[in-house]
There are 2 protein chains.
Amino acid sequence: MAVTMNDVARAAGVSLKTVSNVLNDYEFIRPATKQRVQDAIAELGYEANLTARSLRSGKTRMLGLVLSDLSAPYYAELASRLMKAAAQRGYRVLVEQSDATVDAELNALQGPFRQLTDGLLFTPLVMEADAIAGRQGKKPLVMLGEHILDPRFDLVTMKNEEAAAALTAHLAAAGRRRVAVIGARPEESGGTPGLRLNGYRQALDTAGIPFDPALVAPCEWRRDGGAAAVAGLLDQGVEFDAVFGLNDALALGAMHELLIRGIKVPEQVAVAGFDDIDEARFASPSLTTVSPGMAEIAERSIALLIDRIEGRETADQGVHVEAGFQLQIRESAP
Amino acid sequence: MAVTMNDVARAAGVSLKTVSNVLNDYEFIRPATKQRVQDAIAELGYEANLTARSLRSGKTRMLGLVLSDLSAPYYAELASRLMKAAAQRGYRVLVEQSDATVDAELNALQGPFRQLTDGLLFTPLVMEADAIAGRQGKKPLVMLGEHILDPRFDLVTMKNEEAAAALTAHLAAAGRRRVAVIGARPEESGGTPGLRLNGYRQALDTAGIPFDPALVAPCEWRRDGGAAAVAGLLDQGVEFDAVFGLNDALALGAMHELLIRGIKVPEQVAVAGFDDIDEARFASPSLTTVSPGMAEIAERSIALLIDRIEGRETADQGVHVEAGFQLQIRESAP
DNA sequence: GGCTTCTTCTGCAACGATGTATCGCAGGAA
DNA sequence: TTCCTGCGATACATCGTTGCAGAAGAAGCC
């Protein structure tokens, strides 16, 4: 059916192996021979059989991406960028959804999925570090996100604390003294919400503003959660002149609620978010937020994983990469 | 390194081929032999090498999904559901982003991507039917969406016209006589916007309401586009008692603009959308919309593609599947 | 008993590429 | 002349599986 190396070899009057050598940029080939082979390839429309290559070489040039659910906007965008970054380096990304279940995470870590890929980008949500370390296998594994912070693993995260602190500092610099935080419990300090809350508290300290737990409202990290949280604060009579939504969906929900109640944004209450999703830019007023440098996260994690696969990165300890961030100052909190 | 069939064969005291037969559910194997092989497999922790299997059998048990950009919420959710539907049938989905460029679409259709998959789900955005037909190759190909309507291809779409008509009829039944449509040009009739506009017009006819082109406002299919379109209508003094956003983002943007201007939804103006994205449910007021049966689209298209691959569907003509829909009546247009 | 037919299992040859070992032939050194 | 070295190309084995052909034994039929 398909054209094989053998056909090309026959057409070019060389051996099978010489064709292989041309394709793999082997050094010692006479230019004339190389040309003849390349002509034959072009003429016959030969395309290398990736499956055969994989079987022989043991490499698939595919990277696995394990996340809970691709339909979440943040993951969708991350996946999209990872795929592009991988493509630039000649790799593909195969996505596996875990639905945040142990079974699925285990399966992605050791099942056939692992076999199909040369390395894994893993967003663990339910498995713990020890369990992962015990089943890690030999192929490279890079963690994404802040669920696991363990020196044994390569890890790429964003600077949650620093970014939240910078954003809070921006609000304080604009004269806001009572900044409500929605999306965390007041005593929280671990995980994504905790890290961002830490940053908020650090910035308050720096600005000499006391921390008031009454300003911190927990809720679901969704648009309606943000709206409900702000409604709750207002109804309880808590006073505030700014709202920091721990992600953009929360902030947008909060802003919506404020606007409906006739509260002016940013004149009366400033609003800021985190993540810089597309909608943040198109909201009205447009949303001040932190861009977590997803481009950088994607770029760095792909680079790190491929460096491990191709043996350029050989550190015994896990490599820990923190991607930068950028404040996006917009209308909702100038 | 890894355990191979040969190791299993040795451990079970049978031939290599018998192990293969057990794995492939060959009929004529004595239960005792089968058991011995299965025990050996369990004991050694044998896992079939998928690459070798692919090379030999010519099947990868992977399906290709070509779409413009995975970060668009609709595609992200579609991809997520397709992956789950495929997984249930023992297949994986490999996603390729085309960025709506001809090069990338061509590449997905004939390049190495095609080789890695047993069949393709294709959302063509720029390539035309003839060009696709000429490069289709031998492997099954199923079209998604309404860009291409051609009897040569298998095709899975939603009932755009019927759904838009049903939604418009619902608005009319609630007494709305002037329903603005945002997201289409008044004369449009092809593509997704055109089909939905057709449905709108049909429903108006049925209800005996004349069509007024002034009520139709084109704009970008984004949240801010919807807001701008409604603002435009209001500023021009066009009167309307309902807004039909041709997708949910548009409708949500429109609703936001109305609320900010102090116009009550649904008392003064009802708002309805299309797609039933997650946010429609969580908006306040919650958004009346059409659920395009994405679950059904995913299920049917995967089923059709796999039936083609495994030879259960053999129609010479393209099979055309239209997935059902459901009105989601919520607060914004009761 | 001799013949097919069915069951159960085996061996060998692929699938299409790459790794290893090797070979002829230059050209330069001894 | 002989020996060595490096270039350019080749032959063969190999990766782990499945398809094909067939062997050995039991069973059924005349």
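Residue numbers begin at 1 in each chain, while the letters A, B, ... track the order of the sequences. Keep in mind that what you see is a predicted model, and the values were worked out from it rather than measured.
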All N/O contacts under 3.5 Å from nucleotides 21-23 of chain C to the protein, with atom names and distances to one decimal?
none

D/dC15 P sits how many Å from B/L55 CG, rounded? 14 Å
List for me each residue that meets salt bridge (charged side-chain N to carboxylate O under 4.0 Å, His left out) alongside B/D118, sequence neighbours excluded, and say none if there are none. none
Could you go through residues 80-91 of chain B and list every donor-acceptor pair under 3.5 Å that involves a side-chain atom there, pairing it with any protein atom two or more places apart or in another chain?
unit_1	atom_1	unit_2	atom_2	d
B/S80	OG	A/D69	OD1	3.2
B/S80	OG	A/Q97	OE1	3.0
B/S80	OG	A/Q97	NE2	3.4
B/R81	NE	B/E77	OE2	3.4
B/R81	NH2	B/E77	OE2	3.1
B/R89	NH1	B/A85	O	3.3
B/R89	NH1	B/E299	OE2	3.1
B/R89	NH2	B/E299	OE2	3.0
B/Y91	OH	B/E310	OE2	2.8

Table of protein N/O atoms under 3.5 Å from nucleotides 10-13 of chain C N/O atoms:
unit_1	atom_1	unit_2	atom_2	d
C/dT10	OP2	B/S15	N	2.9
C/dT10	OP2	B/S15	OG	3.2
C/dT10	OP2	B/T18	OG1	2.5

Length of the line joining B/K34:NZ and C/dT7:P, which is rounded to integer Å: 15 Å
Any residue of residues 107-120 of chain A with a heavy atom less than 4.0 Å from an atom of DNA chain D: none
Need the bend value for the helix from C/dG1-D/dC30 to C/dA30-D/dT1: angle between end axes, 5 pairs each end, nearest 10°. 60°
Sequence-distant partners of A/D316, side-chain hydrogen bond (donor to acceptor under 3.5 Å, both in side chains), two or more places apart: none
Counting only non-hydrogen atoms, which of residues 44-53 of chain A are less than 4.0 Å from DNA chain D? none
Separation of D/dG16 C1' from B/N24 CG (nearest whole Å): 13 Å
Salt bridge (charged side-chain N to carboxylate O under 4.0 Å, His left out) pairs touching residues 8-30 of chain B, sequence neighbours excluded, are B/D7-B/R10
Going by the rule salt bridge (charged side-chain N to carboxylate O under 4.0 Å, His left out), which residues pair with B/R92 if we only count those two or more places apart in sequence or in a different chain? A/E96
Are a donor atom and an acceptor atom from the side chains of B/S15 and B/T18 found within less than 3.5 Å of each other? yes
Are OP1 or OP2 of D/dT18 and a side-chain N or O of B/S57 less than 4.0 angstrom apart? no
A/R30 CZ to C/dG24 C1': how many Å, rounded? 12 Å
Those residues at least two apart in sequence (or on a different chain) that pass side-chain hydrogen bond (donor to acceptor under 3.5 Å, both in side chains) with A/R152 are A/D130, A/D150
Which residues pass the side-chain hydrogen bond (donor to acceptor under 3.5 Å, both in side chains) test with B/R53, sequence neighbours left out? none
